[in-house]
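Notes to accompany the following structure.
Side-chain atoms are counted along with the backbone in the values below, which use heavy atoms only and exclude waters and symmetry mates. Ligands are counted one by one from 1 in listed order, and the atoms in each one are counted from 1 as well.
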Amino acid sequence: MSSEAFRIKLPATSANLGPGFDTLALALRLYLEVEAEAAASFSIEASGRNQDICGALEGNLLLETYSKTLTAAGRPVTPLRLRVHNEIPLGMGCGSSAAVRLAGVSLAAHFGGLGWDGARILTEASRLEGHPDNAAACWLGGFTASGMDESGVQAVSFAAPAEWRALVVMPQKPLATTASRAVLPERYSRADVVVNLQSVALLTAAFAARRADLLVHAMRDRIHQPYRAEVCPLLPALLPLAGQGGIPGVALSGAGPAVLALLASEEDIAGACERIREALPRGETVEILACELAPRRE
Ligand SMILES: Nc1ncnc2c1ncn2[C@@H]1O[C@H](COP(=O)(O)OP(=O)(O)O)[C@@H](O)[C@H]1O
Ligand SMILES: N[C@@H](CCOP(=O)(O)O)C(=O)O
């Protein structure tokens, strides 16, 4: 067990990127930062987005993950004084739950003296999430491909082109990932699976080869986006912008409801925001976050 203070900073992530359902994700330069020290009782000082949720002592996913991990490992739950600064939108498809679960597992590994390495922390958080894509990109940074089986998570990340930018277009109301997974079918046709296999391979190659021109083809998806459009109405409105003036690729961000637009450079941001606003359903109010892509973790 350790009584030393602990600090962690983890990025937002946009998972799936169109075809890579539960497989691909990209880290974004928006962060969750947690500082902790052992104390006589739990307290949280929250700043940034969603302070009400991030600062709550009841039903807080950070505290739940921390306590659950320590209890499962047979260790006492050391009370903590926490400072949480959060820039990641909650329930928008930007990986807030993966970041907070990784933070909770990391706190447990530290204060419980569990001796877990990064791979074990990533595996534990991915199991709690039920899929490894966000957690892998959040932990490793960059563009990440991941898979998970009984032995744990396998993940590889590489640097995404530093000049590319992400626009995250968020509606007013969040959508729980569990609700967005509930609309997906159990079975798919061979034709749909083949389109996604081709796209995933092409998309990974497009990031590695820095080929923004390929994104319009490589971000095609038939596995989750067609079904999620009903609960993510920004998606059908913005998907047709892919491949047009300054917006090479468009996809649902994670499980939605936000939509991700990938741009080849900073200079395209203003024009892309204008086109996005023009394409929105009448009366729809959105927040558009322009993000740099987060580097690979060293
Ligand atoms: N920093 C945080 N502190 C406490 N709870 C959080 C935090 N970030 C996320 N959560 C929890 O995770 C939920 C969102 O997770 P989820 O539905 O998977 O959406 P997403 O991961 O796309 O943001 C929030 O409603 C909240 O319960
Ligand atoms: N592959 C998952 C990704 C969920 O990401 P989130 O950021 O919405 O939590 C899915 O598509 O359900």
Any side-chain heavy-atom pair from Y31 and L10 closer than 4.5 angstrom? no
Within the 4.5 Å heavy-atom criterion, are L28 and L293 side-chain neighbours or not? yes
Side-chain donor or acceptor of [X] paired with backbone N/O of [Y] under 3.5 Å:
X	Y	result
D221	Q225	yes
N86	G48	no
N16	G18	no
N60	A56	yes

Option whose closest heavy atom lies nearest to atom 2 (C) of ligand 1, chosen from L62, T178, V100: V100
In terms of atom number and element, which parts of ligand 2 are under 4.0 angstrom from non-hydrogen atoms of [X]?
X	value
T177	4 (C), 6 (P), 8 (O), 9 (O), 12 (O)
N16	1 (N), 10 (C), 11 (O)
D22	1 (N), 2 (C), 10 (C)
C94	7 (O)
G93	6 (P), 7 (O), 8 (O)
D133	1 (N), 2 (C), 3 (C)

Pairing of D192 and R220 as salt bridge, 4.0 angstrom limit: no
So does E163 pair up with R210, basic N to acidic O under 4.0 Å?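 A salt bridge is present here (some side-chain N lies under 4.0 Å from a carboxylate O).
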State if G254 counts as touching ligand 1 under the rule of any non-hydrogen atom under 4.0 Å.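 No; G254 lies far enough from ligand 1 that no heavy-atom distance drops under 4.0 Å.
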Euclidean distance, [Y] [atom2] relative to [X] [atom1], rounded to 0.5 Å:
X	Y	atom1	atom2	answer
L32	H85	CG	NE2	9.5 Å
E64	T69	CD	OG1	11.0 Å
T65	E129	OG1	CD	9.0 Å

Pairs of nitrogen or oxygen atoms closer than 3.5 Å, one from [X] and one from ligand 1: do any exist?
X	value
S96	yes
G93	yes
G91	yes

Starting from [atom], locate the nearest protein heavy atom and write down its residue, its atom name and how far away it is, to 0.1 Å.
atom	value
atom 11 (C) of ligand 1	L61 CD2, 3.7 Å
atom 7 (O) of ligand 2	G95 N, 2.9 Å
atom 17 (O) of ligand 1	T177 N, 3.0 Å
atom 10 (C) of ligand 2	R181 NH1, 3.1 Å
atom 3 (C) of ligand 2	N134 OD1, 3.4 Å
atom 8 (O) of ligand 2	A255 N, 2.9 Å
atom 1 (N) of ligand 1	C54 SG, 3.3 Å
atom 15 (O) of ligand 1	S97 CB, 3.4 Å
atom 27 (O) of ligand 1	I53 CG2, 4.5 Å

Tell me which donor-acceptor pairs under 3.5 Å the side chains of residues 230-240 have, and how far apart each pair is, sequence neighbours excluded?
none

If the plane angle is over 60° it's perpendicular, under 30° parallel, otherwise tilted; pick one for F158 and F143. tilted
Only pairs at least two apart or in different chains count here, so list each side-chain hydrogen bond (donor to acceptor under 3.5 Å, both in side chains) that has a residue in residues 275-291. R49-E287
Could you tell me which atoms of ligand 1, counted from 1 in the order shown, lie closer than 4.0 angstrom to a heavy atom of [X]?
X	answer
A176	17 (O)
M92	22 (O), 23 (O)
C94	22 (O)

Quick one: does ligand 1 sit under 4.0 Å from the side chain of N60, the backbone, both or neither, non-hydrogen atoms only?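 The side chain, only.
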Could a heavy atom of R228 be found less than 4.0 Å from some atom of ligand 2?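 In this structure, R228 qualifies as a contact of ligand 2 - some heavy atom is under 4.0 Å.
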Is atom 25 (O) of ligand 1 near the protein, in the sense that some protein heavy atom lies at less than 4.0 Å from it? no
Looking at S96, P89, P11, C94, which one forms a side-chain contact (heavy atoms from CB on, under 4.5 Å) with L30?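 Of S96, P89, P11, C94, side-chain contact (heavy atoms from CB on, under 4.5 Å) with L30 is met by P89 alone.
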